[in-house]
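Note on naming: letters A, B, ... go to the chains in the order of the sequence lines (proteins, then strands), and numbering restarts at 1 for each one. Worth saying up front: this structure is predicted, and the values here are computed from it rather than measured.
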Amino acid sequence: MFKIMKKKVLNDSVVQMDFLAPFIAKKAQPGQFVIFRIDEKGERIPITINDYDRDKGTVRIIFQLVGKSTIQLSKMNEGDEISDLVGPLGIATHIEPDAKRVAVIGGGVGCAIAYPQAKALHEKGITVDVIAGFRNKDIVILEEEFKNACDNLIITTDDGSYGKKGFVTEALKELIESGNKYDEVIAIGPVPMMKFVCAVTKPYGIKTIVSLNPVMIDGTGMCGGCRVKVGGQIKYACVDGPDFDGHIVDFDELMLRNGTYKEDEENSKNHICRLTGGAENA
Amino acid sequence: MPNMILTKTPMPEQNPQIRARNFDEVTLGYTKEMAMKEAERCLNCKHKPCVAGCPVSVRIPEFIEEVAKGNFEAAYAVITSTNSLPAVCGRVCPQENQCEGKCVRGIKGEPVAIGRLERFVADYMMKNADITPKKPELNGHKVAVVGAGPAGLTCAGDLARLGYEVTVFEAFHVAGGVLMYGIPEFRLPKAIVQKEIDSLKALGVNIMTNMVIGKVLSIDELVNDMGFEAVFIGSGAGLPNFMGIEGENLVGVYSANEFLTRINLMKAYLDDYDTPVKRSKVVAVVGGGNVAMDAARSAMRLGADKVYIVYRRSMEELPARKEEVHHAIEEGIEFLLLNNPMKILSDERGRVRAMECVKMELGEADAGGRRRPVEIKGSNYELPVDSVIMSIGTSPNPLIRSTTPGLEVNKHGCLIVNEDMLTTKEGIYAGGDAVTGAATVILAMGAGKTAAKAIDDYIKSK
């Protein structure tokens with residue numbers, strides 16, 4: 001069993017939780033992920049690690065309420081326990097030791113994953129520009145954390161209700177065109193966002209790393225559900241990733257595959273429980 | 001006077017039409033009377049060819065003699081002295097190539113139903129006796145086992161019986177490996193696997209789930225920091241293979257591993273479990289092994305109207321266990337033999353619409369003596385399906401080899417071991433699919449057993 005040590009509601013649809021998991025906390029690196037399962041009947045949900053405290057033995061995740069399991073988890077409280085947490089899985093983000101300047105781009109809850117990468121780069125003395133994009137002011141997360149993990153933070157909102165109005169891609173383009181030389185761009189967020197960031201960087205030949213989160217069960221290289229086409233070859237996000245060279249990822253195929261269970265997800269959220277009569281699962 | 005009837009005592013089964021729509025066990029097992037009657041077919045040969053055919057050397061005539069006398073407890077003691085998982089083996093071993101394949105009664109008529117008898121004894125004891133083993137006295141030595149599948153559990157059980165303090169590290173949230181995630185409930189009820197695991201726990205085996213060795217701890221850390229004197233790696237087969245044809249990443253294409261894991265481990269077929277699985281109407285399973293049969297029969301049970309096995313050779317070369325093929329045919333699975341997929345075709349939303357196949361014929365024999373299938377030019381056709389399940393084998397998992405210096409692998413990526421299952425690293429042993437590539441439960445168990453003995457010798461000699 002894995003105990004929830006700390007819970008923080010970041011906004012209506014995003015929750016942060018720290019779990020007591022000393023083995024994982026000891027080994028976790030930026031870019032790696034865990035899989036949680038709430039109880040006997042739960043699904044296995046992969047989620048990238050946001051932060052860890054090796055002394056306290058805790059691992060932090062930040063998750064968006066998208067389906068039954070994340071909604072169920074969001075209702076649990078400090079002191080409650082979930083039955084399974086496994087990790088750290090995947091290959092840690094490779095940090096270019098000679099890099100001088102890197103742009104880290106987070107989209108929405110993807111910022112939760114972009115944060116440890118920005119922090120790790122910043123701690124190495126690399127100049128880090130962070131562009132964190134959100135739909136609007138109400139869902140901005142991790143602003144304080146990012147401030148301490150980069151040299152230059154740009155927050156964008158689609159509607160202009162906070163920070164700079166527009167998409168992360170526009171902000172990135174401006175930074176590049178104003179003469180900043182990037183050794184690398186790291187983009188983490190919704191698949192379309194990552195796709196468009198890659199489209200921006202490609203003409204400039206800037207290496208761009210994306211972090212993928214496809215459908216997955218075991219996360220250890222057994223089920224093959226997380227396969228993605230990278231450079232025309234099948235790669236497995238769980239053991240070969242989750243980071244890949246964004247310029248050769250087949251994003252369109254990834255979007256299709258990620259939609260496999262969309263209907264089931266909607267159905268499970270809208271399921272009217274026969275026990276409670278409520279419009280959601282207990 | 002032995003029972004000289006030429007055929008095996010039939011085992012009751014669920015009606016094929018009914019069972020094709022439920023996940024309950026297909027075969028129902030012998031009654032006491034049936035078992036005793038079948039046991040009397042054994043001639044108790046002096047040279048015991050059956051024992052030589054068993055990868056874990058169960059003393060077959062000896063246990064069958066006890067069954068014939070109705071001494072089921074004694075029969076159980078004989079079996080479990082060399083086999084830690086009798087209820088499992090009785091159900092899933094390919095007996096026709098092993099013990100039963102060597103049985104003298106098989107020369108004229110059918111061999112003795114050794115598998116069914118083994119299963120009967122294990123089931124009878126689970127139901128009617130307290131088979132909780134006693135914890136042996138500890139000998140003060142610690143061994144780690146990586147992977148709680150058939151190889152790891154067998155190795156752990158044998159070492160625990162010798163007094164070792166054994167910890168098994170399992171990546172999944174439950175122990176059992178392929179017995180839990182791979183082989184379906186209707187062929188191997190999970191409650192039975194769980195009982196076998198519980199009995200290992202009673203023996204003192206400590207099982208830590210959610211521990212991915214190679215990630216959360218390395219093999220070197222197990223030895224250097226945690227005080228394990230030897231390690232057995234039974235981490236299993238690994239990543240599913242795909243054919244490399246167009247359309248394999250469409251929505252509705254599964255690896256058999258993913259499809260079966262969703263159903264068996266995550267129980268996606270039960271309404272109150274959260275893991276989803278597509279309930280497809282027309283399913284093509286590509287491949288001809290036991291895993292392909294399991295996937296096809298599971299798809300049927302999920303409510304498909306039609307399920308095809310698409311296999312590029314003929315029935316004769318089909319590698320699955322005979323009983324599974326027989327059961328699959330009875331349940332209405334259609335075998336498209338000498339057919340090979342060329343590409344998978346998509347509808348306008350990226351979902352599987354059909355699979356293009358080409359007909360094959362058997363040409364000249366290859367180096368291994370099997371006739372090579374050759375395409376019949378121009379015979380391509382579209383098979384309308386809404387799901388494709390690829391069941392064409394696996395490639396070894398990179399997690400352990402890539403994090404363990406000194407551990408060598410062959411060109412296929414399988415761990416290299418000697419006859420004692422010792423890897424190229426001192427104190428580190430391995431067995432099962434991690435060494436052989438995808439094989440059977442019983443071969444993995446045999447490897448676990450050999451390794452346990454070698455580990456015992458190694459630690460004693462230190």
Side-chain angles (χ1 to χ4, degrees), chain A residues 2 21 23-24 26-28 32 34-35 37-45 67-69 72 83-91 215-229 233-234 236 238-240 250 252-261 263-265 267-268 281, chain B residues 170-174 177-178 181-182 208-218 221 235-242 244 248-262 265-268 270-278 346 349-351 390 394-399 402:
Chain A
F2 296 84
F23 279 112
I24 305 174
K26 199 174 157 201
K27 281 294 177 70
Q32 290 189 299
V34 289
I35 289 180
R37 194 180 71 130
I38 296 174
D39 56 30
E40 186 50 40
K41 294 181 176 173
E43 344 165 53
R44 291 170 65 93
I45 305 283
K68 188 187 169 195
S69 298
Q72 193 184 343
S83 64
D84 304 286
L85 191 71
V86 59
L89 300 169
I91 297 171
V215 172
M216 197 179 279
I217 308 178
D218 63 304
T220 64
M222 190 280 283
C223 81
C226 67
R227 63 189 185 276
V228 285
K229 212 182 278 155
Q233 286 190 323
I234 289 183
Y236 297 94
C238 67
V239 289
D240 300 322
D250 187 336
D252 295 335
E253 189 179 271
L254 176 65
M255 278 185 259
L256 272 179
R257 287 185 58 74
N258 278 355
T260 306
Y261 295 105
E263 287 162 27
D264 303 75
E265 209 167 72
N267 289 341
S268 79
N281 290 290
Chain B
E170 165 58 38
F172 261 132
H173 52 264
V174 291
V178 74
Y181 74 72
M208 289 183 77
T209 53
N210 293 318
M211 295 293 278
V212 182
I213 301 304
K215 285 289 172 193
V216 74
L217 289 168
S218 68
E221 283 171 313
S235 53
L239 288 159
N241 293 338
F242 288 88
E248 276 183 311
N249 287 359
L250 292 173
V251 173
V253 183
Y254 286 100
S255 74
N257 277 6
E258 180 184 356
F259 185 69
L260 290 170
T261 302
R262 284 182 184 275
L265 181 76
M266 305 310 294
K267 313 237 179 292
L270 299 174
D271 278 346
D272 53 343
Y273 282 74
D274 295 339
T275 301
V277 68
K278 288 275 174 225
S346 145
R349 289 170 59 195
R351 296 171 309 189
M390 287 291 171
T394 55
S395 301
N397 191 306
L399 283 189
S402 64

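Only the backbone of B/Leu250 comes within less than 4.5 Å of a heavy atom in chain A; its side chain stays farther off. At a 4.5 Å heavy-atom cutoff, the contact between A/Lys27 and chain B is made by side-chain atoms alone. Residue B/Ser346 does not touch chain A at all, counting heavy-atom pairs closer than 4.5 Å. Proximity to chain B is limited to the backbone of A/Leu85, based on heavy atoms less than 4.5 angstrom apart. Looking at A/Tyr236, only its side chain comes within 4.5 Å of chain B, counting heavy atoms on both sides.
Taking 4.5 Å as the limit, some side-chain heavy atom of B/Leu399 sits within range of a side-chain heavy atom of A/Val239. Looking only at side-chain heavy atoms (C-beta outward), A/Asp218 and B/Tyr181 stay at 4.5 Å or farther from each other. Side-chain atoms of B/Lys267 and A/Glu40, non-hydrogen and from C-beta on, never get closer than 4.5 Å to each other. Side-chain contact between A/Ile217 and B/Glu258: present, with at least one pair of heavy atoms (C-beta onward) separated by less than 4.5 Å.
Every residue two or more places apart in sequence or in another chain that forms a side chain to side chain contact (heavy atoms under 4.5 Å, CB included) with B/Asn249 is listed here: A/Arg227, A/Lys229, A/Ile234, A/Glu253, A/Arg257.
Rounding to the nearest 0.5 Å gives a distance of 12.5 Å between CE of A/Met222 and OG of B/Ser235. From A/Arg44, atom CZ reaches atom CG of B/Leu265 across 7.0 Å, with rounding to the nearest 0.5 Å. Atom NZ of residue A/Lys41 and atom CG of residue B/Asp272 lie 3.5 Å apart, to the nearest 0.5 angstrom. Distance check, rounded to the nearest 0.5 Å: OG1 of A/Thr220 to CZ of B/Phe172 gives 6.0 Å.
Among all heavy-atom pairs drawn from A/Ser69 and B/Asp274, the shortest one is OG-OD2, 4.4 Å. The two residues A/Thr260 and B/Lys278 come nearest to each other via the heavy atoms O-NZ, 2.8 Å. Listed here is the closest heavy atom pair of A/Gly224 and B/Pro240: CA-CG, 3.6 Å. In this structure, A/Ile24 and B/Val216 approach most closely via the heavy-atom pair N-CG2, 4.1 Å. Nearest heavy-atom pair across A/Leu256 and B/Val251 is O-CG2, 3.3 Å.
The candidate from B/Thr209, B/Leu260, B/Thr261, B/Val174 with the greatest count of non-hydrogen atom pairs under 4.5 Å with chain A is B/Thr261. Most heavy-atom pairs under 4.5 Å with chain B: of the set A/Gly90, A/Ala28, A/Gly219, this distinction falls to A/Gly90.
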Practice task
Check the pair B/Tyr273, A/Glu43 against side-chain contact (heavy atoms from CB on, under 4.5 Å), reporting the backbone distance first and the verdict last.
Solution key: CA-CA 8 Å; B/Tyr273 282 74; A/Glu43 344 165 53; over 6 Å; no

